[in-house]
Q: 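Quick one: the structure is below, questions incoming.
Position 1 is the first residue of the sequence, and the numbers go up from there.
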Amino acid sequence: QVQLVESGGGLVQAGGSLRLACAASGLTFSSYTMGWFRQAPGKEREFAAAISWSGGSTYYADSVKGRFTISRDNAKNTVSLQMNSLKPEDTAVYYCAAKYYSGGGSYYYPTTYDYWGQGTQVTVSS
């Protein structure tokens, strides 16, 4: 049974930082592209960042580029999202997702991912 468990969310003031973590089990972690998505109230789930199975390639939404950093540790089956210079518009539930490395579709679209975590709330106050 595949499980993705996010942690690290919370309440932070604008300009602050948070580090999200996602622990994966039940899958061959190094065979999966890992992504972070977010969903604000009343909005669709949107792409934030992704990292290739090897960690050699990373991808970011324009809205987070230069502020967020995605990384992974294949030995520990974890993927992290370091979020700096947070803004109120970053407030959302953040989800970790796994996409088989040879699966079709772009890392950008949530429908191409195979597994999802339950999400962790990030709230940025102004």
Q: Less than 3.5 Å apart, any donor N or O on the side chain of Ser17 or Asn84 sitting next to an acceptor on the other?
A: yes
Q: What's the spacing between Asp90 CG and Ser85 OG if we round to 0.5 Å?
A: 9.5 Å
Q: Do Lys87 and Arg67 touch side chain to side chain, with heavy atoms closer than 4.5 Å?
A: yes
Q: Would a 4.5 Å heavy-atom cut-off, applied to side chains only, mark Val79 and Trp36 as touching?
A: yes
Q: Where do Ala49 and Leu81 come nearest, in terms of heavy atoms and distance?
A: CB-CD1, 4.0 Å
Q: Do side-chain atoms of Asn77 reach the backbone of Thr28 as a donor and acceptor pair under 3.5 angstrom?
A: no
Q: Assess the side chains of Ser80 and Gln82: does a donor N or O sit below 3.5 Å from an acceptor N or O?
A: no
Q: For a 4.5 angstrom cut-off between non-hydrogen side-chain atoms, does Tyr101 reach Ser31?
A: yes
Q: Do the non-hydrogen side-chain atoms of Met83 and Tyr94 ever get within less than 4.5 Å of each other?
A: yes
Q: Quick check: is Leu18 connected to Tyr95 through a chain of hydrophobic side chains (ILVMFWY, heavy atoms under 4.5 Å apart)?
A: no
Q: Looking only at atom types and distance, does a side-chain atom of Tyr60 sit under 3.5 Å from a main-chain N or O of Ile70, one as donor and one as acceptor?
A: yes
Q: Would Phe47 end up clustered with Val93 when hydrophobic side chains under 4.5 Å apart are linked, directly or stepwise?
A: yes
Q: Quick one: does Gln39's side chain have a donor or acceptor within less than 3.5 Å of a partner on Glu44's backbone?
A: no
Q: Can you tell me how far OG of Ser25 sits from CG of Leu4, rounded to the nearest 0.5 angstrom?
A: 7.5 Å
Q: Please answer: with hydrophobic residues joined when any side-chain heavy atoms are less than 4.5 Å apart, are Tyr32 and Val2 in the same cluster?
A: yes
Q: Taking the ring of Tyr59 and the ring of Tyr108, is the distance between their centroids below 6.0 Å?
A: no
Q: Answer whether the closest heavy-atom distance between the side chains of Thr112 and Tyr107 falls below 4.5 Å.
A: no
Q: Is there a side-chain contact between Thr120 and Leu20 in this structure, where contact means two heavy atoms from C-beta onward sitting under 4.5 Å apart?
A: yes
Q: Drop me the distance from Ser52's OG to Lys99's NZ, to the nearest 0.5 angstrom.
A: 11.0 Å
Q: Determine yes or no for a side-chain-to-main-chain donor-acceptor pair under 3.5 angstrom, with Asp114 supplying the side chain and Tyr100 the backbone.
A: yes
Q: Once rounded to the nearest 0.5 Å, what's the spacing between atom CZ of Arg72 and atom OG1 of Thr58?
A: 12.0 Å
Q: Taking it one step at a time, do Leu86 and Phe68 satisfy side-chain contact (heavy atoms from CB on, under 4.5 Å)?
A: CA-CA 9 Å; Leu86 283 162; Phe68 290 12; 3.8 Å; yes
Q: With under 30° as parallel and over 60° as perpendicular, where do the rings of Tyr113 and Phe37 fit, or are they tilted in between?
A: perpendicular
Q: Under 4.5 Å between any side-chain heavy atoms of Val122 and Arg38, yes or no?
A: no
Q: Any chance you could lay out the side-chain contact (heavy atoms from CB on, under 4.5 Å) test for Met34 and Phe29, step after step, and finish with the verdict?
A: CA-CA 9 Å; Met34 298 301 295; Phe29 185 72; 3.8 Å; yes
Q: Got Pro110 and Trp116 here, is their nearest side-chain heavy-atom distance under 4.5 Å?
A: yes
Q: When rounded to the nearest 0.5 angstrom, what distance separates OG1 in Thr111 from CZ in Arg45?
A: 11.5 Å
Q: Starting at SG of Cys96, measure out to CD of Gln3 and round the result to the nearest 0.5 Å.
A: 12.0 Å
Q: Apply the test side chain to side chain donor-acceptor pair (under 3.5 Å) to residues Thr123 and Gln121: give CA-CA distance (whole Å), side-chain angles for both, the deciding distance (0.1 Å), then the verdict.
A: CA-CA 6 Å; Thr123 303; Gln121 176 70 46; 3.3 Å; yes
Q: Which heavy atom in Ala14 sits nearest to a heavy atom in Ser126, and how many Å separate them?
A: CB-CA, 4.4 Å
